[in-house]
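Counting starts at 1 for both ligands and their atoms, following the listed order. Fair warning: this is a prediction, and the values are worked out from it, not measured in the lab. This chain uses plain numbering: 1 for the first residue, then up along the sequence.
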Amino acid sequence: MSEAATPPGSVPGTVFPPGFDPTAESVEKTLCFRGFWAWFVLILLIALGISLFMWLLRKCIQGPAYRKANRIDGKVVIVTGCNTGIGKETVLELAKRGARVYMACRDPGRCEAARLDIMDRSRNQQLFNRTLDLGSLQSVRSFVERFKAEESRLDILINNAGIMACPRTLTADGYEQQFGVNHLGHFLLTNLLLDRLKHSSPSRIVVVSSAAHLFGRINREDLMSEKNYGKFFGAYSQSKLANILFTRKLSTILKDTGVTVNCCHPGVVRTELNRHFAGPGWMKSVLQTGSLYFFKTPKAGAQTSLRLALDPQLEHSTGGYYSDCMRFPLVPWARNMQNADWLWRESEKLVGLPPLEPPPAGQNPTQNGNGTQNGAASGNGNGNGSANPVSREMQSVETVVVNRS
Ligand SMILES: NC(=O)c1ccc[n+]([C@@H]2O[C@H](COP(=O)([O-])OP(=O)(O)OC[C@H]3O[C@@H](n4cnc5c(N)ncnc54)[C@H](OP(=O)(O)O)[C@@H]3O)[C@@H](O)[C@H]2O)c1
């Protein structure tokens, strides 16, 4: 029996056991080696593909940023609810651009901590800690009184503060908390500041609403959700729809004044807004972990507010709803002007402002939409009511603004 031929690569003279085919072994080894690298490269490519996809998805989730470098040195700005979350990031960016910012927060201690942090990061000393509890009409009035004593102008007002899906509680004036804070507090604040905004025109109002308005309805029969309280799909979404109807109505009132008003949805943002979430522990953990990747950062959440406050291109744009820095059309119930008119009149009564427009024919000016007397049924604690009918001559916007200052 002749000895097997020496396969290429093996030492000449090597004796192989019978049945052993050194050539096949070598080929197998080579294939095995190549197979390893093929798998390695394939897995590497898949990992790279997944990483790229995750990176792109994350970029999409974060949305576009406001990138214009325009400065607003010396412009006076009020931002509500800015000790944390979207509001804090908004103030940081405005401060970096040279604004004089009044930080309107309900907790002076948390506000001071945020103010010092922002001052440090922006190198802007023009930041002021001011107390404003939107759940108290008296607090709103006191804030405005102090602000007006300090500043003769107001260039930008950002109604950012908000509360979501809390257990049913009442504001100091007896109104449902989410409607009271998110809508009524800001309604009174804005109205009391209109004269300053007009005086400083061109000026801007930014209202931070939410896509939750899509689930909202203005419940004329139960505005305070007394009969039926749905934390999110009832009261919160109603209050965010109210933000939009308020924006729409105010934009018509402010036509040709040089004051614009726009509202926005900031996106789904990782903030403290879900602090009232009362689900099981494991769900909270899943939400917390998932939000790290799937939610916007507060900085990304602030971009639409920033564009509305800063972009010179939007100087004349008003009455719009924006998300991801772009204008979006509204659903029919968010642009229903009859609802907006009704809500405006009702809100005036609830916060105790004189009516801007005459009530519709057939409605007693001292009655609200539910047919109850103003102030009493509404739980209006300031006793101011709205039972002060004004003559038609006094109903120009200008006159009412003067009355309100
Ligand atoms: N995060 C989101 O995914 C999301 C989505 C859509 C819309 N939004 C809207 O974005 C806005 C900012 O929310 P965020 O996400 O930044 O939430 P956040 O982190 O909870 O900040 C809310 C801010 O509002 C303040 N606030 C609450 N009640 C107040 C009151 N009675 N008076 C004055 N300030 C009050 C809070 O002050 P304290 O810290 O003292 O409570 C806090 O500074 C809200 O209007 C919210 O509805 C947020």
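- For the residue pair E93/Y66, the side-chain donor-acceptor check at 3.5 Å is not satisfied.
- When only non-hydrogen protein atoms are considered, atom 23 (C) of ligand 1 lies nearest to G81 O, 3.5 Å.
- Close contacts of ligand 1 with G135, meaning ligand atoms under 4.0 Å from a residue heavy atom, involve 31 (N).
- No N or O atom of G87 sits closer than 3.5 Å to an N or O atom of ligand 1.
- Only the side chain of Y236 comes within 4.0 Å of ligand 1, judged by heavy-atom distances.
- Using modelled atom types, one finds a donor on one side chain and an acceptor on the other under 3.5 Å when comparing Q177 with T169.
- Proximity to V268 (heavy-atom distance under 4.0 Å) selects the following atoms of ligand 1: 3 (O).
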Self-check item: Test log, rule salt bridge (Lys or Arg N to Asp or Glu O under 4.0 Å), inputs D324 and K296
Solution: CA-CA 11 Å; D324 275 339; K296 281 185 178 181; 2.7 Å; yes
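- Contacts between P298 and ligand 1 below 4.0 angstrom, taking non-hydrogen atoms only, are absent altogether.
- A salt bridge is defined here as a Lys NZ or Arg NE, NH1 or NH2 lying under 4.0 Å from an Asp or Glu carboxylate O, and K349 with E346 meets this definition.
- The side chain to side chain contact (heavy atoms under 4.5 Å, CB included) check on N243 picks up H183, V207, S209, K240, with sequence neighbours excluded.
- Close approach of ligand 1 to V181 is summarised as follows: ligand atoms under 4.0 Å from at least one heavy atom of the residue are 28 (N), 29 (C), 30 (C), 31 (N).
- For H265, every heavy-atom contact with ligand 1 shorter than 4.0 Å involves the side chain, none the backbone.
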Practice problem: Evaluate side-chain hydrogen bond (donor to acceptor under 3.5 Å, both in side chains) for N159 paired with T190, printing each intermediate quantity in order. | Solution: CA-CA 8 Å; N159 291 341; T190 310; 3.0 Å; yes
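- Taking distance alone, with nitrogen or oxygen atoms compared against 3.5 Å, D107 stays at or beyond that limit from ligand 1.
- Counting protein heavy atoms only, atom 5 (C) of ligand 1 is closest to G267 O, 3.1 Å.
- Between N83 and ligand 1, at least one pair of N/O atoms sits closer than 3.5 Å.
- Between W344 and F246, the angle of the ring planes stays under 30°, which puts this pair in the parallel group of the 30/60° scheme.
- In terms of protein heavy-atom proximity, atom 31 (N) of ligand 1 is closest to D133 OD1, 2.9 Å.
- Across every non-hydrogen atom of L330 and R248, the tightest pair is CD1-CD, 3.7 Å.
- Scored by the salt bridge (Lys or Arg N to Asp or Glu O under 4.0 Å) test, R153 finds D155 as partners (sequence neighbours excluded).
- Of all atoms in ligand 1, listed by their number and element, those nearer than 4.0 Å to a heavy atom of N160 are 11 (C), 12 (C), 44 (C), 45 (O).
- A donor atom on one side chain and an acceptor atom on the other are not found under 3.5 Å apart for R106 and N83.
- What sits closest to atom 33 (C) of ligand 1 on the protein, heavy atoms only, is L132 O, 3.2 Å.
- Proximity annotation for atom 9 (C) of ligand 1: of V269, V140, V208, T271, V208 comes nearest, heavy atoms only.
- Aromatic ring centres of H265 and F328: separated by at least 6.0 Å.
- For the 3.5 Å distance criterion, the side chains of S239 and N182 qualify, holding a donor opposite an acceptor.
- Summary of contacts: the protein heavy atom closest to atom 20 (O) of ligand 1 is R275 NH2, 2.8 Å.
- Put simply, no part of C105 is less than 4.0 Å from ligand 1, judged by heavy atoms.
- Looking at atom 39 (O) of ligand 1, its nearest protein heavy atom turns out to be R110 NH1, 2.7 Å.
- Looking at E176 and S225, their side chains never bring a donor and an acceptor atom within 3.5 Å of each other.
- The protein atom (non-hydrogen) at minimum distance from atom 21 (O) of ligand 1 is T84 CG2, 3.8 Å.
- At a 4.0 Å heavy-atom cut-off, ligand 1 touches K240 through the side chain alone.
- Short contacts between ligand 1 and G85, defined as distances under 4.0 Å to a heavy atom of the residue, involve ligand atoms 16 (O), 19 (O).
- In this structure a side-chain-to-backbone donor-acceptor pair under 3.5 Å is missing from N124 to M119.
- The closest protein non-hydrogen atom to atom 16 (O) of ligand 1 is I86 N, 2.9 Å.
- Proximity to G162 (heavy-atom distance under 4.0 Å) selects the following atoms of ligand 1: 22 (C), 24 (O), 27 (C), 44 (C), 45 (O).
- For S209, the closest heavy-atom approach to ligand 1 falls below 4.0 Å.
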